[in-house]
Each structure stands twice: as structure tokens, then as C-alpha cells.
Q: 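Here's a structure for you.
Computed from heavy atoms alone, side chains included, the values below leave out hydrogens, waters and symmetry copies. Treat the numbers as computed from the prediction; the structure is a model and nothing was measured. Order of listing sets the numbers, starting from 1, for every ligand and every atom in it.
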Amino acid sequence: LPNRRFFISEINRTLIKNGQLQPCSMFFIDLDKFKEVNDTLGHAVGDKLLKVIAGRLNVILKSRDLICRFGGDEFVVVVPGMADINKCSQIAEVMIQQLNRPVEVDHHSITIGASIGISCAPNDGKTAEDLLQHTDVALYDAKARGRGTYTFYSEELGDTIKLRRELEIDLKRALEEETLEVHFQPLVNLKTCGINTCEALVRWNHPSYGDVSPESFIKIAEESGFIEKLGEYVLRNAMLQCASWPKNVRVAVNVSSVQFVRSDVFSTISRLLDEIGLEPHRLEVEVTETVMLKSFDDAIFTLNQLSDLGVKISLDDFGTGFSSLSYLHQLPLDKVKIDRSFIKNGIADSRSYMLLKGVVELTKSLGLNVVLEGIETEEQLSQISRTIKIDEVQGFLFSRPLPAHDIRTLLGKAQDQLPGAAEGQTL
Ligand code: C2E
Ligand code: CA
Ligand code: CA
């Protein structure tokens, strides 16, 4: 197959008339698991695999179609004279199906899979370079949507991906320049009306877009491979702050499931605890059940190591996703945090009330502490706390997440001055 430069000149030579690309469709094909094959089975096997893949693509295509190996595991195909969405979809589906079939190389049976980006001239680009760039954008989306699929380029997609890439670069810079902030939200103990835990929540104030929601930039960090760095940054800052708080207050830090897969969370945490001189029981790690879905054995192993060290573990956002009850006794948990969605729509109807009550009772009967998230009104608090035995509550009623300085002031205050505390005392 021809290489990149030859390919671009070939497209220009055969398809450009009067400076404009003639109708054609471009497919950007990226093999999903090629790196793993190279890393585990070696380059010789990787090379043979690429030959088989190229052969399969050649069989699908007609002789006037152009095909090129574009990079390590990327192929680009141009089909002249065709810009029909249905036909393009058919071709993409056949390619994906063919590249999903196992390949036999040196007695290994390898299933590789592929993602495809598609764009069509002249609508999506009038030069080979434009079309290539847009096909690449479409590929980016196909990969982000979970691989083994295809995406057509559109202008909106182009804008979204452009913004996404811009945010990725800016977030990397914010991390290097240490301009991300960590805020803290207190959890209020309903028995004592005091605060024993504050949750660390990362904040990013973008120079042009203002505050970006952590949900979106955490996802970017996870997908772009710097969640380990971001996670360590938050852990370090949160622990440093906690070291300056009263001794009976611990800090809870969200640890992304991707961090568990990509890095050694246990060594990072134990190193930071040592460095900062914080006692392990003053750190609480918040994980969601996706940690179990991503790598069950590794996650249990790491969480047990942390728990043995004395670090507290809580299961976050319980009640969303699968909420498998078996996780409650397979993980070394201290706390379960019940997701805000349970009370967001009110617990006025008896079914949601019974559901919440049931989940809390079950969790308590396993000896775990229960936190209810997202309490915003006095009414919600009194409605729940009258009949349901919850240990801690967290929500805007008590306090929004606050900058480090303000949380220190709040922790220094007499705890009965907390908003909502008077209500708590009457429980
Ligand atoms: P989460 O772990 O469930 O954190 C609680 C979220 O609920 C926070 O949103 C908090 O501001 C919000 N919240 C608290 N009380 C109330 C309330 O009464 N009403 C409403 N409507 N919301 C309330 P935030 O800070 O936007 O964070 C969103 C999510 O982003 C977090 O959900 C967590 O999953 C993730 N996140 C935040 N910081 C970090 C971090 O440092 N690392 C990781 N891995 N994830 C983080
Ligand atoms: Ca959390
Ligand atoms: Ca939560």
C-alpha cells in the first residue's frame, strides 16, 4: 500500500479537477487494539497482522478505489464518485465486520476490531487535506463512542471536537501551572450536628469559558490519559488541607475508576500520606461501582490494601447505574453515599420513600454508614430524618463546596452555628 505523501498526491492527481475535489467518500480506519498486540505479541506479529488487514480491505474495495496505510495502525480509503450516506454506511459496516473476524498469525488467534470516520466531498471538504482532517475528526468521535463503530463528519461535530481538543490542551496547562483549585463540602453528622468529613471537589476556572463542570473535564482527563496526574494533584492538595484541620475531621477524595486501571493507586496514596504526614484514617477514598466493572480483581485488591492501611472507603453515587447489592459486601466499605437522584424528585410518593428507606436499612444492617447527598431544603431534611436513620447528610442546605480558606474558617466555627444544625438537633 502507498504511504501518506504519495497517497495525498494520488488523491489530488486523480480526483481534483479545476482545483476542486470531485465527489468521493473518504474512510479513516483505525485498528482498535493494535497497540496491545504489538506490546504483548511483538512487532513481527503486528506487521503480519497489518498485512492480513490490508489484504481484507483490498478484497472489499474496487480497483479504482484508493487505499493507503496512513500511520502505524491507520488506513485511509477513498472511493471516487460516491457520496451517498447509505452506501457509505454499508461499506463501513462490511469493513468493521471483516476487521472483526479473528486473524491467525503465528498460531495466535487475534481479534482486532476497527473504528471508522467518514467524510464526503464536496460537502465536507474540497481538498484532500480538508477531507483528511475532517475524516480524522469523525474517527475521533467513533473511537470516543466506544470503538467498533463509525461516524460521519458534520460541522457541529467539527466544532464540538475542536472545543474538546482546545479544552484538553488548556486543562493540561492548568494542571502544569497548578491553577486548578480544590474546594471542600462538609458532610454533617446528624447525631452530633458536627462535621467529621469534608469532600474535596476539584474546580477549574477557564480563562475564557469560566467555570467548567468537573464532570466534563474529569472525562476529558480520563480519555486523554492524564487523570492519574489530576488525581494525584487533588489527593495531594486535599491531604495538605486536611492536615491543617481539627483532628476529628477527615477528607474524602473522589478517585476515578480509570485511575485504578492505569496507575498504582495504593502506592500513590501511601507515598502521599507519608510525605504529608497525614494519618491514614483521615483519608476517605470515594469510588463508584464502575471501579468494579473496569477491573474487578485489581480494584478489590487495591481497595483492600488501602483499607488495611487504615484509609476509609466509601461507595459513591449508590442508586445510580447497576447498584449491585453484592458490591456492598465484596468491597471493604465504611460508607455508602446515596445518590442525590433519590431525593431530587421528592420522596412524596410512597414508592420512592419506601425505596430509599429500604436501601438505607439494608446498608445499615451490613454495618455501613449511610450518607444522603444533595439535601437542599429544610423540608427534605425533616421529611427524611424523622423516619430514616441516616448518619451523615451533604447538600447545599448546609454548605456549598467552599474554597480551602473558607472551609478552614467554617471548621473553626462553633458547630452549632451551622445552617440546618438547629433542625438536626431536634431529631
Ligand atoms: P460527586 O462525587 O457526587 O460530588 C457531589 C456533587 O454534588 C458535587 O458536584 C457537589 O457540588 C454537588 N452537590 C452537593 N450538594 C448538592 C445539592 O444540595 N444540590 C445539588 N444540585 N448538587 C449538590 P460537582 O463539584 O460539580 O462535582 C460533580 C462530580 O464530578 C462529582 O460528583 C464527582 O463525580 C466528580 N468530581 C469532582 N471532583 C472530582 C475529583 O477531584 N476527582 C474525580 N475523579 N472526580 C471529581
Ligand atoms: Ca463523591
Ligand atoms: Ca456522589
Q: Could you check whether Gln330 and Ser326, counting side-chain N and O atoms only, form a donor-acceptor pair closer than 3.5 Å?
A: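 The answer is yes; a qualifying pair exists.
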Q: Closer than 4.0 Å to some heavy atom of Gly395 - which atoms of ligand 1 meet that?
A: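 Answer, ordered by atom number: 15 (N), 18 (O).
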Q: Assess the side chains of Asp124 and Ser119: does a donor N or O sit below 3.5 Å from an acceptor N or O?
A: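 Looking only at side-chain atoms, Ser119 and Asp124 do not form any donor-acceptor pair under 3.5 Å.
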Q: Do Tyr353 and Gln383 get their side chains close enough for a donor-acceptor pair, meaning under 3.5 Å?
A: no
Q: Testing the basics here: between Val234 and Ala200, what is the closest heavy-atom pair and its distance to 0.1 Å?
A: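 Where Val234 meets Ala200 most closely, the heavy atoms are CG1-CB, 4.5 Å.
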Q: Can a donor-acceptor pair be found between the side chains of Asp170 and His206 at a distance below 3.5 Å?
A: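 Yes, because at least one side-chain N or O of Asp170 sits under 3.5 Å from a partner of the opposite role on His206.
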Q: Test of understanding: given a 4.0 Å heavy-atom threshold, classify the contact between Arg340 and ligand 1 as side chain, backbone, both, or neither.
A: side chain
Q: Which residue pairs pass the salt bridge (charged side-chain N to carboxylate O under 4.0 Å, His left out) test when at least one of the two sits in residues 364-375, sequence neighbours left out?
A: Lys337-Glu373, Lys364-Asp391
Q: With a 3.5 Å cut-off and no angle check, do the side chains of Thr268 and Glu232 form a donor-acceptor pair?
A: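 Judged by distance alone, the side chains do not pair up.
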Q: Does Glu199 have a non-hydrogen atom less than 4.0 Å from ligand 1?
A: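 Right, Glu199 reaches ligand 1.
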Q: Quick check: does Asp317 get an N/O under 3.5 Å from an N/O on ligand 1?
A: yes
Q: Looking only at protein heavy atoms, which one is nearest to atom 45 (N) of ligand 1, and what is the separation?
A: Ile218 CD1, 3.5 Å
Q: Any idea which protein heavy atom is nearest atom 31 (C) of ligand 1, and the distance to it?
A: Leu201 CD2, 4.3 Å
Q: If you take all heavy atoms of Val291 and Ala299, which pair is closest and at what distance?
A: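 Scanning both residues, the minimum pair turns out to be O-CB, 3.5 Å.
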Q: List the closest protein heavy-atom neighbour of atom 20 (C) of ligand 1: residue, atom name, distance to the nearest 0.1 Å.
A: Glu376 OE2, 3.2 Å
Q: Show which atoms of ligand 1 fall inside a sub-4.0 Å distance from at least one heavy-atom site of Val234.
A: 41 (O)
Q: Answer side chain, backbone, both or neither: which part of Arg203 comes under 4.0 Å from ligand 1, heavy atoms only.
A: side chain
Q: Heavy-atom contacts under 4.0 Å between Asp316 and ligand 1: side chain, backbone, both, or neither?
A: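 Within the 4.0 Å criterion, Asp316 contacts ligand 1 through side-chain atoms alone.
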Q: Tell me the ring-ring contact (aromatic ring centres under 6.0 Å, His included) pairs involving residues 123-147, sequence neighbours left out?
A: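 Listed by first then second residue: His134-Tyr153.
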Q: Just to be sure I read this right, does ligand 1 sit under 4.0 Å from the backbone of Gln185, its side chain, both, or neither, counting only heavy atoms?
A: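 The side chain, only.
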Q: Under the criterion salt bridge (Lys or Arg N to Asp or Glu O under 4.0 Å), I'd like the reasoning laid out for Glu222 against Arg262: C-alpha separation, chi angles, the key distance, then a yes or no.
A: CA-CA 10 Å; Glu222 288 176 345; Arg262 295 252 191 83; over 6 Å; no
Q: Which residue and atom name correspond to the protein heavy atom nearest atom 38 (N) of ligand 1, and how close is it?
A: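 Result: Val202 N, 3.2 Å.
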Q: Look only at interatomic distance and state if Leu230 has a nitrogen or oxygen under 3.5 Å from any nitrogen or oxygen of ligand 1.
A: no
Q: Considering only non-hydrogen protein atoms, determine which one is nearest to atom 11 (O) of ligand 1 and report residue, atom name and distance to 0.1 Å.
A: Pro401 CG, 3.4 Å
Q: Within less than 3.0 Å of the Ca ion (ligand 3), how many protein N/O/S atoms are there?
A: 4
Q: Measuring from the heavy atoms of Ser213, does anything fall under 4.0 Å of ligand 1?
A: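 Ser213: no contact with ligand 1 (<4.0 Å).
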Q: Taking atom types as modelled and ignoring hydrogens, do the side chains of Gln185 and His183 form a donor-acceptor contact shorter than 3.5 angstrom?
A: no
Q: Can you find a non-hydrogen atom of Glu373 under 4.0 Å from ligand 1?
A: yes
Q: Any idea which atoms of ligand 1 are less than 4.0 Å away from a heavy-atom of Ile375?
A: 18 (O)
Q: Please examine the side chains of Leu328 and Leu333, heavy atoms only from C-beta on, and report whether any two atoms are closer than 4.5 Å.
A: yes
Q: At what distance is the nearest protein heavy atom to atom 30 (O) of ligand 1, and which residue and atom is it?
A: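 Here the nearest protein heavy atom works out to Pro214 CB, 3.7 Å.
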Q: Mind listing the closest non-hydrogen atom pair of Arg147 and Ser115 along with its distance?
A: CA-OG, 3.3 Å
Q: Quick one: look up the protein heavy atom nearest atom 42 (N) of ligand 1 and list residue, atom name and how far away it is.
A: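 The closest one turns out to be Asn254 O, 3.4 Å.
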Q: Under a 3.5 Å cutoff, is there a donor and acceptor pairing between the side chains of Glu199 and Asn254?
A: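 Looking only at side-chain atoms, Asn254 and Glu199 do form a donor-acceptor pair, the distance falling under 3.5 Å.
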Q: Does an N or O anywhere in Ala200 fall below 3.5 Å from an N or O of ligand 1?
A: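 No.
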Q: Give the table of side-chain donor-acceptor pairs shorter than 3.5 Å for residues 309-322, with sequence neighbours excluded, one pair per line with atom names and distance.
A:
residue: Ser314; atom: OG; partner: Glu284; partner atom: OE2; Å: 3.4
residue: Thr320; atom: OG1; partner: Asp317; partner atom: O; Å: 2.7

Q: Classify the contact between Ser256 and ligand 1 as side chain, backbone, both or neither, using a heavy-atom distance cut-off of under 4.0 Å.
A: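 Both of them.
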Q: Flag Asn254 as yes if one of its N/O/S atoms falls below 3.0 Å of the Ca ion (ligand 2), otherwise no.
A: yes
Q: Going through the distances and angles, do Arg236 and Glu275 end up as a salt bridge (Lys or Arg N to Asp or Glu O under 4.0 Å)?
A: CA-CA 9 Å; Arg236 179 190 300 277; Glu275 245 173 69; 2.9 Å; yes
Q: Quick one: which of Trp204, Phe396, Phe398 has a heavy atom closest to atom 16 (C) of ligand 1?
A: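 When every heavy atom of Trp204, Phe396, Phe398 is considered, Phe396 comes closest to atom 16 (C) of ligand 1.
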Q: Gln98 and Arg101: side-chain donor and acceptor closer than 3.5 Å?
A: yes
